[in-house]
**Q** 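Just passing along the structure, written as structure tokens.
Nothing fancy with the numbering, it's 1 onward along the sequence. Scope of the values below: all heavy atoms of this structure, side chains included, with no hydrogens, waters or symmetry mates.
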Amino acid sequence: HLNLFPKLNVPTRTVNAAYLGCSKNDYPTSIMSWITSAANTVVADPNINTVVSICGSTGPQINIRVLASNTDVYNTKVCSNGDSLVLRLEYGHFTLLLPGDLEDYSGFTYDQNGYITSRIKDVYGKPGVLRTVINNWPKRSGGIASAVYRFAHHGTWPNGNKPFFLQAVQPQYAFSSSKLPGTAGTFNHPNCELYIITWLHWPRETLFHFK
């Protein structure tokens with residue numbers, strides 16, 4: 001989360017490049033001042049399929065591919081917490097999908113502040129954010145399938161990690177960057193229903209927590 005970045009105490013110009021999920025004007029001045037001080041280059045709302053290569057002295061290079069940017073999850077034209085960059089890390093044959101706090105509110109109604117007011121039947125004929133991400137990456141190009149998947153938004157459900165998205169990712173391992181359910185400060189992340197659903201598709205040993 002952006003409010004935590006300044007606490008990292010990163011020295012000036014020690015970050016090669018910082019990538020932002022929205023335009024620079026969408027972020028508080030204090031945050032942008034910190035980012036522009038820490039990074040040599042700031043790339044806001046990068047183009048889809050932007051690839052950042054990290055070359056090592058030995059072995060395959062690491063590619064970080066942008067699958068989605070500035071997703072506008074609330075359809076309000078205002079950057080929000082859910083408008084995360086969706087990144088796919090590629091290292092040789094290893095792949096890792098990092099969706100950040102990406103969410104998909106298709107199938108919901110919500111007020112002008114983005115709070116859910118009621119759930120309606122999902123209309124999969126109308127692409128939501130998650131389906132748009134999938135459709136941007138056809139299977140012939142490898143799609144979004146990844147060996148390891150970090151559950152979107154710390155394991156939230158049902159507005160994130162919908163079954164059709166999980167089927168498209170088809171991870172061998174999945175994890176949530178959150179505390180165990182029911183502990184203080186978790187905002188009910190990860191949601192137990194998500195783990196029940198994923199257990200139907202993958203062995204339990206493939207699911208784990210990270211905190």
Side-chain angles (χ1 to χ4, degrees), residues 1-2 4-5 8 10 14-22 35 38-71 73 79 81-104 129-157 160-179 189-190 194-195 198 201-203 205-211:
H1 293 277
L2 284 175
L4 299 178
F5 281 10
L8 296 176
V10 177
T14 54
V15 175
N16 185 41
Y19 287 78
L20 309 177
C22 299
I35 292 175
N40 292 309
T41 303
V42 178
V43 181
D45 189 14
N47 294 326
I48 302 302
N49 202 29
T50 293
V51 178
V52 181
S53 296
I54 303 175
C55 301
S57 56
T58 60
Q61 71 178 15
I62 299 173
N63 291 328
I64 302 175
R65 188 181 304 275
V66 177
L67 300 188
S69 173
N70 203 2
T71 51
V73 298
C79 187
N81 183 64
D83 297 318
S84 295
L85 289 172
V86 179
L87 305 175
R88 188 171 187 259
L89 188 149
E90 304 161 351
Y91 177 70
H93 296 293
F94 172 81
T95 50
L96 165 66
L97 185 63
L98 300 170
D101 278 359
L102 178 70
E103 297 179 289
D104 189 334
V129 173
L130 295 179
R131 285 198 175 275
T132 299
V133 173
I134 294 173
N135 294 338
N136 284 343
W137 301 96
K139 290 184 178 180
R140 66 176 181 272
S141 301
I144 62 171
S146 301
V148 179
Y149 172 59
R150 173 199 175 274
F151 285 124
H153 201 160
H154 312 289
T156 187
W157 171 267
N161 306 292
K162 292 187 174 182
F164 67 82
F165 191 74
L166 297 173
Q167 287 293 338
V169 179
Q170 297 181 339
Q172 298 176 34
Y173 297 91
F175 70 96
S176 59
S177 57
S178 55
K179 298 179 181 178
H189 302 330
L194 173 60
Y195 273 73
T198 50
H201 301 284
W202 300 294
E205 58 267 21
T206 67
L207 303 172
F208 55 95
H209 294 277
F210 174 81
K211 65 177 182 177

**Q** Taking the six-membered ring for Trp, are the ring centroids of Tyr173 and Phe175 within less than 6.0 Å of each other?
**A** no

**Q** For the OH atom of Tyr19 and the CD1 atom of Ile35, what is their distance to the nearest 0.5 Å?
**A** 13.5 Å

**Q** Output yes when a side-chain donor or acceptor of Arg150 lies under 3.5 Å from a complementary backbone atom of Gly100, and no otherwise.
**A** yes

**Q** Rounded at 0.5 Å granularity, tell me how far CD in Glu90 sits from CG in Leu97.
**A** 10.5 Å

**Q** Roughly how far, to the nearest 0.5 Å, is the NZ atom of Lys162 from the CD atom of Glu103?
**A** 10.5 Å

**Q** Going by heavy atoms in the side chains, are Val66 and Leu85 under 4.5 Å from each other?
**A** yes

**Q** Do Pro46 and Leu20 have side chains that approach each other closer than 4.5 Å (heavy atoms only, starting at C-beta)?
**A** no

**Q** Decide yes or no for Leu96 and Leu87: does some side-chain heavy atom of the first lie under 4.5 Å from some side-chain heavy atom of the second?
**A** no

**Q** Any side-chain heavy-atom pair from Asn40 and Val15 closer than 4.5 angstrom?
**A** no

**Q** Between the side chain of Ser84 and the main-chain N/O of Asp101, is any donor-acceptor distance below 3.5 Å?
**A** yes

**Q** Is there a donor-acceptor contact under 3.5 Å from the side chain of Thr50 to the main chain of Asn47?
**A** yes

**Q** Would you say that Leu130 contacts Leu102 through its side chain, given a criterion of any heavy-atom pair below 4.5 Å between the two side chains?
**A** yes

**Q** Could you check whether any side-chain heavy atom of Leu98 comes within less than 4.5 Å of a side-chain heavy atom of Tyr149, counting everything from C-beta outward?
**A** no

**Q** Between the main-chain N or O of Ala39 and the side-chain N or O of Asn16, is there a donor-acceptor pair closer than 3.5 Å?
**A** no

**Q** Report yes if some heavy atom in the side chain of Leu67 is under 4.5 Å from a heavy atom in the side chain of Arg65; otherwise report no.
**A** yes

**Q** Where is the tightest heavy-atom contact between Ala68 and Ile48, given as atom of each residue plus distance?
**A** CA-CD1, 3.5 Å

**Q** Distance-only, no hydrogens or angles: does the Ser53 side chain make a donor-acceptor pair with backbone N or O of Val51 under 3.5 Å?
**A** no

**Q** Not counting sequence neighbours, which residues clear side-chain hydrogen bond (donor to acceptor under 3.5 Å, both in side chains) with Ser69? List them please.
**A** Asp45

**Q** So, do Phe151 and Leu166 sit near enough that their side-chain heavy atoms are less than 4.5 Å apart?
**A** yes

**Q** Any chance you could measure Arg88, atom CZ, to Asn49, atom CG, to the nearest 0.5 Å?
**A** 11.0 Å

**Q** For the atom pair CZ (Phe165) and CD1 (Ile144), what is the distance rounded to the nearest 0.5 Å?
**A** 4.0 Å

